[in-house]
S.K.: 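Sharing a structure below in structure tokens format, with a few things to ask.
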Amino acid sequence: EGAMQELRERVLELLETTGLTQKEVIRRINDQGLYKIQPAELCKALKGELTSPKANRAIADAYSIVQRERLKMLRDEFRKS
């Protein structure tokens with residue numbers, strides 16, 4: 001549970017840093033076509049209120065999405081300097 005809590009917190013931090021919305025993250029998860037997630041599911045998962053295997057997968061996938069976005073931002077900043 002501690003690791004998932006850290007991952008949830010990191011996702012929330014990166015959402016703020018990147019400016020991505022939960023809605024955009026959900027769209028990207030759903031566009032992958034592996035499974036579908038509803039906005040309420042991700043919201044509850046990020047709050048730790050939903051801890052099913054699907055919710056945990058969504059948190060991990062959300063982390064991957066926001067982390068990639070952050071790396072893209074850093075790469076773009078580096079290229080500008």
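These numbers were taken from a predicted model, which means no experiment stands behind them. We're numbering straight along the sequence, starting at 1.
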S.K.: Under 3.5 Å, side chain of N56 to main-chain N/O of M4, donor-acceptor pair present?
M.R.: no
S.K.: Keeping K36 on the side-chain end and I29 on the backbone end, is there a donor-acceptor pair under 3.5 Å?
M.R.: no
S.K.: Are R10 and E13 ion-paired here, with the side-chain N under 4.0 Å from a carboxylate O?
M.R.: yes
S.K.: Could you walk me through whether I65 and Q32 pass the side chain to side chain contact (heavy atoms under 4.5 Å, CB included) test, one step at a time?
M.R.: CA-CA 11 Å; I65 290 165; Q32 291 174 358; 4.3 Å; yes
S.K.: Assess whether a salt bridge exists between D61 and R57, defined as any Lys/Arg side-chain N lying under 4.0 Å from an Asp/Glu carboxylate O.
M.R.: yes
S.K.: Pair V66, V25 - check side chain to side chain contact (heavy atoms under 4.5 Å, CB included), show working.
M.R.: CA-CA 8 Å; V66 293; V25 170; 4.0 Å; yes
S.K.: Locate the shortest heavy-atom distance separating L50 from A55; write the atom from each residue and the value.
M.R.: O-CB, 3.5 Å
S.K.: Answer whether the closest heavy-atom distance between the side chains of P39 and Q22 falls below 4.5 Å.
M.R.: no
S.K.: Does the pair E24/R28 count as a salt bridge with the N-to-O cut at 4.0 Å?
M.R.: yes
S.K.: Apply the test side chain to side chain contact (heavy atoms under 4.5 Å, CB included) to residues R8 and Q5: give CA-CA distance (whole Å), side-chain angles for both, the deciding distance (0.1 Å), then the verdict.
M.R.: CA-CA 5 Å; R8 286 193 296 269; Q5 177 62 31; 2.6 Å; yes
S.K.: Which heavy-atom pair separates A62 from V11 by the least distance, and what is that distance?
M.R.: CB-CG1, 4.1 Å
S.K.: Which value, rounded to the nearest 0.5 Å, describes the distance between L20 atom CG and M73 atom CE?
M.R.: 8.5 Å
S.K.: Counting C-beta onward and ignoring hydrogens, is there a side-chain heavy-atom pair between L15 and L46 closer than 4.5 Å?
M.R.: yes
S.K.: Just so I know, are the side chains of Q67 and L14 near enough to count as touching, which here means a heavy-atom distance under 4.5 Å?
M.R.: yes
S.K.: Before accepting this row, confirm whether a basic side-chain N of the pair K72/D76 lies closer than 4.0 Å to the acidic partner's carboxylate O.
M.R.: no
S.K.: Identify the heavy atoms of I37 and N30 that sit nearest to each other, and give their distance.
M.R.: N-OD1, 2.7 Å
